[in-house]
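Taking it in order: structure first as structure tokens, then the write-up.
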Protein chains: 2
Amino acid sequence: MHDAHATPPDLPETTLPPGRRGAAGAAYTWLKREILSGRMRPGQTLSENEIASQMGVSRTPVREAIIRLESEGLLNVRPQVGTVVAPIDLDQVADGQFLREAIECRSARLAAGRVRPADARELKSLLRDQARAVARNDQAGFIALDDRMHQHIVAMAGRPNVWRAVEDVKAQLDRVRVLSLEDPSWLAAVLAQHEAIVRHVLEGDGNAASKAMEAHLRTVFSSIDAIADERPEYFRGDPVASRSGTPPEPPPPKPARRNP
Amino acid sequence: MHDAHATPPDLPETTLPPGRRGAAGAAYTWLKREILSGRMRPGQTLSENEIASQMGVSRTPVREAIIRLESEGLLNVRPQVGTVVAPIDLDQVADGQFLREAIECRSARLAAGRVRPADARELKSLLRDQARAVARNDQAGFIALDDRMHQHIVAMAGRPNVWRAVEDVKAQLDRVRVLSLEDPSWLAAVLAQHEAIVRHVLEGDGNAASKAMEAHLRTVFSSIDAIADERPEYFRGDPVASRSGTPPEPPPPKPARRNP
DNA sequence: ACTTCTACACTAGTATACAAGCATACCGGT
DNA sequence: ACCGGTATGCTTGTATACTAGTGTAGAAGT
């Protein structure tokens with residue numbers, strides 16, 4: 001009974017088709033991308049019916065996607081009222097920053113003691129590619145390479161799947177990030193920080209690697225206050241929201257009845 | 001089947017925002033407690049229909065609960081096949097351990113530099129209560145106080161809501177913990193470690209506090225291997241699962257057709 | 001006796017219908 | 001003019017019906 005012989009090689013214990021499992025998975029992926037890309041803005045209302053008809057499915061899979069995104073903190077569902085893209089909570093962003101620092105600094109420290117030749121090659125290769133992306137002013141490409149480098153350092157620490165947890169908190173941070181217009185000089189500065197991190201890791205200096213990682217993460221974080229001051233309408237619990245600047249969308253106060 | 005004296009459908013309609021709202025929230029809370037308490041064992045199959053009829057609701061809210069628990073890693077849903085309580089993955093447990101160490105060690109380090117009088121009083125009070133719980137051999141009470149102490153240290157670090165993230169990973173670790181029979185001597189040892197952590201925090205020695213926290217967390221973690229060897233049927237990807245020990249449940253191969 | 005095929009029960013996924021709550025426009029009273 | 005009750009259209013929550021896929025029992029064929 002309960003034989004274990006059926007498991008060895010072929011039984012894929014994945015059980016988690018990463019993002020896409022049917023219509024619900026498609027809805028989840030699509031909605032998440034809309035939110036993280038900034039196309040759906042913080043505070044914007046959603047309609048299950050609208051999204052469902054727009055995607056050509058029923059409410060059920062859309063609801064499933066919404067439930068998952070709510071548990072990730074990207075949506076706020078108010079029963080019997082409506083669903084909105086979660087306004088950015090500065091306190092929550094700070095929590096995410098804290099978590100990233102805790103995880104990635106520790107990873108960098110451990111990675112410094114476990115450098116294998118393949119790791120050194122990979123990190124150097126990533127730095128080269130990043131330099132090329134900076135030279136071409138390719139922001140999207142640079143960001144992708146940035147993520148891969150951070151992920152590889154976590155993997156070097158021996159816990160590759162921890163990156164999933166980082167991705168969850170990173171989502172909140174990235175939502176702020178896309179609000180800032182990242183200029184080329186910023187890219188170059190980030191590249192220099194990456195080079196410092198890799199240097200310390202390859203030298204086996206865990207303490208310095210951790211410190212460099214902390215400084216790096218905080219550089220990105222430091223720009224948030226400026227953004228919150230510039231776009232208060234996207235943030236929650238912001239006492240400075242009194243200034244009557246540009247509203248989220250020009251004049252969409254047409255949500256009244258549609259059949260007069 | 002079985003129906004192990006579990007709390008029957010308890011529908012508290014009160015849960016508005018903080019707890020979980022509606023029937024879906026009730027199903028979520030009930031299922032999660034069943035899993036974390038160990039009443040539902042790793043690998044055990046679930047049936048949406050069965051749970052729904054047991055709770056007196058339809059499949060829909062049960063499905064919502066299952067979706068959320070799956071995203072927390074407590075359930076595995078195999079499309080068109082069935083849903084099972086997630087087998088304990090040793091690698092995943094190690095990930096959780098890594099995250100707890102990263103978060104709580106950093107918290108302890110920061111807390112050591114931010115001790116306010118109220119914090120000192122609270123920590124000392126918690127230690128006193130814990131000592132009393134040990135003296136009375138009150139495991140449940142001790143565990144509750146243990147959680148409160150860890151939570152307070154995280155709050156002292158300035159990020160009280162980060163504890164939510166800890167709770168998520170802690171769920172995986174606690175699932176293993178309930179499999180081990182915790183004897184009184186173990187409680188006393190844990191209390192001593194708590195005292196060491198608090199002492200270093202109150203002394204303002206962040207480094208020592210972090211180290212003490214790490215040692216503390218690893219003590220709990222170290223018992224896992226023994227449990228995995230003792231109860232291989234609850235674990236996944238365990239090469240030692242060949243021994244024909246006690247099966248998860250005596251002989252419940254009754255899932256055949258019900259209408260011959 | 002063993003293997004292969006087939007039918008069926010059971011699963012989760014999806015679609016649809018209904019119920020309940022809230023906000024707002026409208027309208028009648030003051 | 002102002003205030004308050006009411007109707008209506010929206011929202012999410014829940015129930016139910018149906019679809020499609022999977023594993024297994026059991027029969028049929030070898």
Side-chain angles (χ1 to χ4, degrees), chain A residues 1-3 6-7 10-12 15-17 19-28 31 43-71 75-85 252-260, chain B residues 1 9 11-17 19-28 31 44-71 75-86 252-260:
Chain A
M1 295 287 196
H2 75 288
D3 43 57
T7 52
D10 210 311
L11 202 284
T15 63
L16 287 180
R20 308 179 176 183
R21 186 172 61 193
Y28 171 81
L31 268 176
Q44 179 174 343
T45 68
L46 299 187
S47 166
E48 293 181 356
N49 277 314
E50 215 170 296
I51 295 174
S53 62
Q54 197 170 332
M55 294 192 64
V57 296
S58 78
R59 274 180 59 206
T60 310
V62 174
R63 258 185 82 75
E64 175 166 340
I66 288 176
I67 290 165
R68 287 164 61 184
L69 290 168
E70 187 204 15
S71 71
L75 292 180
N76 289 154
V77 178
R78 275 128 46 168
Q80 268 58 356
V81 175
T83 302
V84 300
V85 178
K254 267 290 195 202
R257 66 163 64 179
R258 296 175 186 176
N259 188 14
Chain B
M1 61 161 69
L11 283 181
E13 194 63 40
T14 68
T15 54
L16 198 61
R20 309 299 188 185
R21 57 188 180 275
Y28 171 82
L31 268 175
Q44 180 174 342
T45 67
L46 299 186
S47 165
E48 293 182 355
N49 279 311
E50 213 171 296
I51 295 174
S53 60
Q54 270 186 26
M55 296 193 62
V57 296
S58 78
R59 275 180 58 205
T60 311
V62 174
R63 259 186 78 77
E64 174 167 340
I66 288 176
I67 289 165
R68 287 163 61 183
L69 289 168
E70 188 205 13
S71 71
L75 292 179
N76 289 154
V77 179
R78 275 126 50 167
Q80 324 301 3
V81 175
T83 302
V84 300
V85 178
K254 262 300 204 207
R257 64 165 63 178
R258 295 174 189 178
N259 188 13

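All of these numbers come straight from a predicted model, not from anything done at the bench. Sequence lines set the chain letters: A, B, ... in the order given, protein chains first and strands last, and positions in each chain run from 1.
- To the nearest 0.5 Å, atom CZ of residue A:Arg78 and atom OG1 of residue A:Thr83 are 8.5 Å apart.
- Rounded to whole angstrom, the span from the CZ atom of A:Arg78 across to the P atom of D:dC10 amounts to 18 Å.
- Every residue two or more places apart in sequence or in another chain that forms a side-chain contact (heavy atoms from CB on, under 4.5 Å) with A:Val85 is listed here: A:Ile35, A:Met40, A:Gln44, A:Leu46, A:Leu75, A:Arg175.
- Here the C1' atom of nucleotide C:dA12 and the CG atom of B:Leu75 are 13 Å apart, to the nearest Å.
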Grab the N/O contacts between the protein and nucleotides 15-21 of chain C below 3.5 Å, and write none if there aren't any.
unit_1: C:dA15; atom_1: OP2; unit_2: A:Ser58; atom_2: N; d: 2.8
unit_1: C:dA15; atom_1: OP2; unit_2: A:Ser58; atom_2: OG; d: 2.9
unit_1: C:dA15; atom_1: N7; unit_2: A:Thr60; atom_2: OG1; d: 2.8

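- In this entry the distance linking CD1 of B:Ile51 with P of C:dC10 reads 16 Å, nearest Å.
- Using a 4.0 Å heavy-atom distance criterion, B:Leu46 is classed as a sugar-phosphate-only contact.
- Considering only side-chain N and O atoms, A:Ser47 lies nowhere under 4.0 angstrom from the phosphate OP1 or OP2 of D:dC10.
- Counting non-hydrogen atoms under 4.0 angstrom, B:Thr83 reaches the backbone sugars and phosphates but no base.
- Contact annotation for B:Ile67: no contact, since no heavy-atom pair falls under 4.0 Å across all strands.
- Taking atom CD on B:Glu48 and atom P on C:dG13, their separation rounds to 7 Å, with Å as the unit.
- Under the rule for a side-chain contact (heavy atoms from CB on, under 4.5 Å), the partners of B:Ile67 that lie at least two apart in sequence or sit in another chain are A:Glu64, A:Ile67, A:Arg68.
- At whole-Å resolution of the value, CG in A:Asn49 and P in D:dG9 are 15 Å apart.
- In this view, B:Glu48 and B:Arg59, B:Arg63 satisfy the salt bridge (charged side-chain N to carboxylate O under 4.0 Å, His left out) rule, not counting sequence neighbours.
- Among residues two or more places apart in sequence or in another chain, the side chain to side chain donor-acceptor pair (under 3.5 Å) test is passed with B:Gln80 by none.
- B:Leu31 contributes atom CG, which lies 7.0 Å from atom CE of B:Met55 (distance to the nearest 0.5 angstrom).
- Rounded to whole angstrom, the span from the CE atom of A:Met55 across to the P atom of C:dG13 amounts to 16 Å.
- Computed from coordinates, the B:Arg63 CZ to C:dT11 P distance equals 13 Å when rounded to whole Å.
- Rounded to an integer number of Å, the gap from CD of B:Glu50 to C1' of C:dA12 is 15 Å.
- Qualifying side-chain contact (heavy atoms from CB on, under 4.5 Å) partners for B:Ser58, counting only residues two or more places apart in sequence or in other chains: B:Thr60, B:Pro61.
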